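The first residue in the sequence is number 1, and the count goes up from there. A quick note: this is a predicted structure, and the numbers were derived from the prediction, not measured. Scope of the values below: all heavy atoms of this structure, side chains included, with no hydrogens, waters or symmetry mates.
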Amino acid sequence: MDDWQAAAGVLKLAGQLVDDIQQGLAQRGFGDVRPAHGFAFVRLSSGDATTADVAAHLGVTKQAASQLVESLVTRGYVTRAADPRDGRARLVVLTGRGRACTEAAEAAAAEVVEGWRDRLGPRKFGALQAALSILVEPGPLRPSW
């Protein structure tokens, strides 16, 4: 396998992971969320997030983040609340449905990874984990667009 094939394999696996998590979410009753929503949920789960924080996390404009947040409000995944640190700002807060969706995504991801463990076996899966710990740079989980 040449370098390009290795890179293409990693990209394809990442795409399969996202697709499989989306399928798992749909099976759990969350068919109206998209991968971008999930990456926003990662930031929102840590708390104290404004739309500007979501924009910075996703690497998009504030306008794009505002549209994404509005779609999550409409679907009942988040609400807006006053920011006690800044009277002009509004926090974006996960609702019970938003937290349930996040937990469902974690469960779906765990199922996918368990499938990898089953297919690879303990030794190869351990080697994969070790290799990823070397290759993956620390930082936030965010989309690659």
Side-chain angles (χ1 to χ4, degrees), residues 1-81 83 85 89-145:
M1 177 181 290
D2 67 20
D3 293 344
W4 166 245
Q5 288 173 320
V10 171
L11 289 170
K12 188 171 181 180
L13 184 61
Q16 288 172 342
L17 174 62
V18 171
D19 291 346
D20 290 346
I21 291 171
Q22 286 300 117
Q23 182 179 359
L25 280 169
Q27 291 169 347
R28 289 167 172 83
F30 299 101
D32 61 341
V33 294
R34 300 290 166 254
H37 298 142
F39 287 107
F41 285 172
V42 169
R43 174 59 186 94
L44 297 171
S45 294
S46 64
D48 292 336
T50 63
T51 299
D53 295 325
V54 172
H57 178 78
L58 295 177
V60 299
T61 65
K62 289 180 188 176
Q63 181 181 7
S66 181
Q67 291 172 349
L68 184 140
V69 167
E70 184 56 37
S71 74
L72 293 174
V73 168
T74 301
R75 291 178 171 109
Y77 290 104
V78 301
T79 60
R80 292 186 184 96
D83 185 343
R85 303 166 299 173
R90 306 276 292 164
L91 293 177
V92 182
V93 181
L94 289 173
T95 62
R97 180 169 169 74
R99 286 187 299 281
C101 183
T102 299
E103 291 168 6
E106 290 171 0
E111 280 182 7
V112 174
V113 172
E114 188 59 34
W116 294 351
R117 185 186 328 272
D118 291 345
R119 289 174 62 191
L120 292 173
R123 197 178 94 247
K124 287 182 181 177
F125 185 77
L128 174 63
Q129 286 180 303
L132 289 173
S133 71
I134 293 167
L135 296 173
V136 174
E137 294 183 17
L141 178 61
R142 54 184 289 187
S144 59
W145 59 56

Any side-chain heavy atom of W116 sitting closer than 4.5 Å to one from L17?
yes
Where A81 and V93 come nearest, the two heavy atoms and their spacing:
CB-CG2, 4.2 Å
With a 3.5 Å distance limit and no angle check, can you tell me whether R123 reaches the backbone of L120 through a side-chain donor-acceptor pair?
no
Check whether any side-chain heavy atom of T51 sits under 4.5 Å from a side-chain heavy atom of V92, and report yes or no.
yes
Using the ring-ring contact (aromatic ring centres under 6.0 Å, His included) criterion, which residues pair with F30? Sequence neighbours excluded.
none
Provide the closest heavy-atom pair for G24 versus A108 in the form atom of the first, atom of the second, distance.
CA-CB, 3.9 Å
Side chains of P35 and Q22, heavy atoms from C-beta outward: is any pair under 4.5 Å?
yes
Heavy-atom closest pair, residues V54 and A40
CG1-CB, 4.2 Å
Are E70 and R80 ion-paired here, with the side-chain N under 4.0 Å from a carboxylate O?
yes
Distance, nearest 0.5 Å, that separates CD of E106 from CD of E103:
7.0 Å
Minimum heavy-atom distance between I21 and A109, given as atom pair plus value:
CD1-CB, 3.7 Å
To the nearest 0.5 Å, tell me how far L13 CG sits from L128 CG.
8.0 Å
Does Q5 have more than 12 heavy atoms from other residues, nucleotides or ligands lying within 6.0 Å of its CD?
yes
Is it the case that more than 12 heavy atoms not belonging to R85 sit under 6.0 Å from its CZ atom?
yes
Checking A89 now: which residues fulfil side chain to side chain contact (heavy atoms under 4.5 Å, CB included) with it, not counting sequence neighbours?
T50, D83, D86
Quick check: are there more than 12 heavy atoms from other residues, nucleotides or ligands sitting under 6.0 Å from CG of D118?
yes
Taking the side chain as every heavy atom from C-beta outward, state whether K62 and S66 have any pair of such atoms under 4.5 Å apart.
no
Using side chain to side chain contact (heavy atoms under 4.5 Å, CB included), reason through V73 and T79 one step at a time and then give a plain yes or no.
CA-CA 6 Å; V73 168; T79 60; over 6 Å; no
Could you give me the CA-CA distance, side-chain angles and deciding distance for R28 and E111, then say whether salt bridge (charged side-chain N to carboxylate O under 4.0 Å, His left out) is met?
CA-CA 13 Å; R28 289 167 172 83; E111 280 182 7; 2.7 Å; yes
Can you find a pair of side-chain heavy atoms, one from D32 and one from Y77, that are under 4.5 Å apart?
yes
Look at the side chain of H57 and the backbone N and O of F39, then say whether any donor-acceptor pair between them is shorter than 3.5 Å.
yes
Calculate, to the nearest 0.5 Å, the distance between atoms CD and CG belonging to Q16 and L11 respectively.
11.5 Å
Determine, stepwise, if the pair R119 / K124 fulfils side chain to side chain contact (heavy atoms under 4.5 Å, CB included).
CA-CA 9 Å; R119 289 174 62 191; K124 287 182 181 177; over 6 Å; no
Would you call L68 and L58 a side-chain contact if the rule is heavy atoms closer than 4.5 Å?
yes
Measure the shortest side-chain to side-chain distance between V33 and C101 over non-hydrogen atoms and say whether it is less than 4.5 angstrom.
yes
R43 and D53: side chain to side chain contact (heavy atoms under 4.5 Å, CB included), yes or no, with the steps?
CA-CA 8 Å; R43 174 59 186 94; D53 295 325; 3.7 Å; yes
Side-chain donor or acceptor of H37 paired with backbone N/O of S71 under 3.5 Å
no
Heavy-atom distance under 4.5 Å between the side chains of S45 and R99, does that happen here?
no
Minimal heavy-atom distance between R97 and G76, with the atoms involved, is CB-O, 3.5 Å
